[in-house]
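Reckoned from all heavy atoms, side chains included, excluding hydrogens, waters and symmetry mates.
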Amino acid sequence: MSEKIIDLGNGFWNIRGDLRIGGVLNVGTQASLVQLGSGEFAMLDSYPLSGEIRDQVMQMTDQGRAVTAVLNLHPYHTLHCQAVARDFPQARLYGTERHRRQHPDLDWQPTLIDTPEAEATFASDFVLTVPRGIDHTTANERVHAGSVLAWHPASATLHVDDTINVLPMPGPLKRIVGEDKLFMHPTMSKALTGDPDCIEQLGAWVDELAHTCAELRNLCAAHSSIRSFAPGEFGPALRKAFDRTLPGLRKALQS
């Protein structure tokens with residue numbers, strides 16, 4: 001995977017970045033730069049900018065001065081918070097409670113990103129939504145199913161880390177099975193709250209997301225890729241992905 005910035009139109013740029021496990025296996029990561037209705041910019045997630053990508057972002061944002069907010073959406077994506085805070089020192093820095101614990105030296109906003117207060121703060125540009133029925137963080141730090149998803153209606157783009165994934169299909173296989181497949185994060189069953197109706201809560205949230213993003217054109221997923229959809233295609237694909245998880249979710253809840 002090579003670093004690149006992709007213009008998805010209507011003020012949304014997705015940055016596909018590198019993330020190497022053990023310095024070898026590149027699983028990739030992402031951030032997004034979004035121009036707000038005010039003309040200012042927000043970063044979705046943190047990624048260390050360098051080279052041509054940094055030059056382009058700085059040129060677009062008055063050398064970074066127009067970036068007024070950084071929204072760290074996934075509690076376990078914390079490696080690059082300091083780098084982005086240095087790049088945009090004037091930006092308001094939002095994150096989860098885990099972001100604060102990992103980087104207590106940074107000047108975090110008092111409003112957590114996974115709260116209704118944050119949703120209201122950015123409602124003019126984004127729909128921020130947190131999955132119900134699963135825990136955002138768990139005692140097992142390998143469980144990364146929970147995150148805040150950011151829907152940007154102006155560009156019909158959904159930025160999501162881990163909760164929903166895209167399985168890229170190789171060229172020959174894609175001609176046989178069709179488009180890249182959606183799937184829910186494989187640790188979803190381990191993130192269930194354990195409430196008797198937690199699976200129903202999660203399913204209701206999936207249905208709400210499908211309705212909210214009915215006109216979705218771009219899904220930006222961390223560690224995988226961007227997938228494009230025609231209006232009306234995303235909802236059925238998302239529901240199929242959720243339905244495939246149901247046997248595992250039910251088994252986990254019973255155990």
Return the minimal non-hydrogen interatomic distance between [X] and [Y], and the atom names on each side.
X      : Y      : result
Leu44  : Ala150 : CD1-CB, 4.0 Å
Phe12  : Cys220 : CE2-SG, 4.1 Å
Leu128 : Ala118 : CD1-O, 3.9 Å
Ala145 : Thr163 : O-OG1, 2.6 Å
Leu253 : Pro196 : CD2-O, 4.0 Å
Cys81  : His99  : SG-CD2, 3.7 Å

Are the side chain of [X] and the backbone N or O of [Y] linked by a donor-acceptor pair below 3.5 Å?
X      : Y      : result
Arg100 : Pro110 : yes
Gln30  : Val160 : yes
Asn165 : Met184 : no
Ser124 : Phe122 : no
Trp108 : His103 : yes
His185 : Gly146 : no
Arg132 : Leu202 : no
Asn140 : Arg142 : yes
Glu233 : Ala230 : yes
Asp114 : Val148 : no

hydrophobic_cluster_shared for [Y] and [X], side chain cutoff 4.5 Å:
X      : Y      : result
Tyr76  : Ile113 : no
Leu112 : Leu93  : no
Phe183 : Val143 : no

Atom pair [atom1] ([X]) and [atom2] ([Y]), whose distance is rounded to the nearest 0.5 Å:
X      : Y      : atom1 : atom2 : result
Ile5   : Asp55  : CD1   : CG    : 11.0 Å
Ser38  : Asp125 : OG    : CG    : 6.5 Å
Arg16  : Ile53  : CZ    : CD1   : 11.0 Å
Leu158 : Ile226 : CG    : CD1   : 12.0 Å
Gln102 : Asn72  : CD    : CG    : 12.0 Å
Asn218 : Ser228 : CG    : OG    : 5.0 Å

Are any of the side-chain heavy atoms of [X] and [Y] separated by less than 4.5 Å?
X      : Y      : value
Met43  : Val70  : yes
Leu249 : Phe242 : yes
Glu141 : Arg98  : yes
Val67  : Asp62  : no
Lys181 : Val166 : no
Lys4   : Ile15  : no
Arg217 : Thr157 : no
Phe229 : Glu215 : no

Which class fits the ring pair [X] and [Y]: parallel under 30°, tilted 30 to 60°, perpendicular over 60°?
X      : Y      : value
Phe41  : Trp13  : tilted
His152 : Phe126 : tilted
His144 : His74  : perpendicular

Going by atom types alone, do [X] and [Y] pair a side-chain donor with an acceptor below 3.5 Å?
X      : Y      : answer
Asn14  : Ser32  : yes
His159 : Asp45  : yes
Trp151 : Thr212 : no
Asn10  : Gln35  : no
Asp135 : Thr193 : no

Side chain to side chain contact (heavy atoms under 4.5 Å, CB included) between Tyr94 and Thr121, intermediate numbers included: CA-CA 11 Å; Tyr94 293 86; Thr121 297; 4.1 Å; yes
Derivation and outcome, side chain to side chain contact (heavy atoms under 4.5 Å, CB included), residues Ile164 and Leu149: CA-CA 9 Å; Ile164 303 169; Leu149 285 71; 3.9 Å; yes
Flag if over 12 foreign heavy atoms under 6.0 Å of CD, Glu52: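 Result for CD/Glu52: open.
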Heavy atoms of other groups near Gln90 CD, more than 12 under 6.0 Å: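 Yes, because the 6.0 Å sphere around CD of Gln90 holds more than 12 heavy atoms from other groups.
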Derivation of the side chain to side chain contact (heavy atoms under 4.5 Å, CB included) call for Thr137 and Thr96: CA-CA 10 Å; Thr137 59; Thr96 67; 5.6 Å; no
Electrostatic pair Asp107-Arg92, nearest N-O below 4.0 angstrom: no
Worked verdict on Leu49 versus Asp87 for side chain to side chain contact (heavy atoms under 4.5 Å, CB included): CA-CA 8 Å; Leu49 303 174; Asp87 280 341; 4.1 Å; yes
